[in-house]
Amino acid sequence: MAEACPRCGTEFLLGSRFCHSCGARRPEAMSATARADAADIAGLWERAVDRVRSLVEGISLENFVRKIRIPQWLHYLHFHEIKRWIGLPTASLIAFGVGLACIAGALLVGLLTVKTLVDWQAIQFYRAEWLLGATASFVAGILLKKPSGN
Ligand SMILES: [Zn+2]
């Protein structure tokens, strides 16, 4: 244990944990071996941090992107490419996509299995709602489409 208070310099009473004069906590005196251990641990920690940093720099996003080569055909899936291909304005194309998703939902409802008539009816309602959503979305797509010149 430390002999004198680091804050006010008063000598600690025997066996005390706090300074009787200013109330500061009595710090543990470091033995030589403890200090060496602390230095060792600090060195280990610094080396570990360095290693992690070099590792992270190694797998940075830039290297990652450079390694993965994007296939040539993938550019057909770009939004503007699809837009040009289908020939719809952006809002209509988004509505069209939502409509397709609703149809997919209506089809996926068919995967549910039921045992009772009430459940079966509920599923018919789900399906009808998905199809209504798809219809609304397609209609919105038609309405959002700018009229062609003629
Ligand atoms: Zn003190």
Side-chain angles (χ1 to χ4, degrees), residues 1-86 88-116 118-123 125-141 143-144:
M1 300 287 266
E3 289 305 311
C5 173
R7 198 195 291 175
C8 67
T10 315
E11 245 180 63
F12 286 114
L13 295 176
L14 191 66
S16 67
R17 293 176 171 273
F18 294 91
C19 173
H20 68 276
S21 162
C22 74
R25 178 181 281 277
R26 185 176 185 175
E28 302 267 348
M30 264 192 179
S31 68
T33 55
R35 209 169 291 150
D37 284 353
D40 277 355
I41 289 170
L44 270 180
W45 175 249
E46 270 172 27
R47 253 173 284 150
V49 166
D50 276 352
R51 196 165 300 160
V52 167
R53 188 184 297 139
S54 63
L55 210 77
V56 166
E57 279 165 5
I59 32 176
S60 68
L61 193 67
E62 202 176 309
N63 286 353
F64 190 67
V65 167
R66 207 177 296 149
K67 269 179 200 146
I68 291 182
R69 303 206 56 214
I70 295 164
Q72 199 63 40
W73 54 266
L74 217 60
H75 79 271
Y76 288 116
L77 294 180
H78 285 180
F79 190 75
H80 65 265
E81 200 70 27
I82 295 171
K83 210 174 112 180
R84 195 175 56 83
W85 182 50
I86 297 182
L88 284 177
T90 308
S92 291
L93 191 57
I94 289 171
F96 180 66
V98 171
L100 286 184
C102 285
I103 286 187
L107 291 176
L108 285 175
V109 164
L111 295 177
L112 296 173
T113 51
V114 290
K115 293 195 177 76
T116 65
V118 178
D119 286 350
W120 180 82
Q121 275 182 321
I123 285 192
F125 279 120
Y126 291 156
R127 185 171 289 154
E129 281 159 10
W130 277 113
L131 290 175
L132 268 176
T135 309
S137 188
F138 287 140
V139 167
L143 293 177
L144 288 169

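When a ligand or atom number is given, it counts from 1 through the structure's own listing order.
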Sequence neighbours left out, cut at 3.5 Å: what donor-acceptor pairs do the side chains of residues 41-48 make with other protein atoms?
none

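- No side-chain donor-acceptor contact under 3.5 Å links S137 to the backbone of G133.
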Side-chain donor-acceptor pairs of residues 89-107 under 3.5 Å, sequence neighbours excluded:
{"unit_1": "T90", "atom_1": "OG1", "unit_2": "K83", "atom_2": "NZ", "d": "2.9"}
{"unit_1": "S92", "atom_1": "OG", "unit_2": "G141", "atom_2": "O", "d": "2.7"}
{"unit_1": "S92", "atom_1": "OG", "unit_2": "K145", "atom_2": "N", "d": "3.1"}

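- In terms of modelled atom types and a separation under 3.5 Å, the side chain of R7 and the main chain of R25 share no donor-acceptor contact.
- How far OG1 of T113 is from CD1 of I123: 7.5 Å, rounded to the nearest 0.5 Å.
- Under the side chain to side chain donor-acceptor pair (under 3.5 Å) criterion, T116 pairs with D119, not counting sequence neighbours.
- Near the Zn ion (ligand 1), less than 2.8 Å away, sit the protein N, O or S atoms C5 SG, C8 SG, C19 SG, C22 SG.
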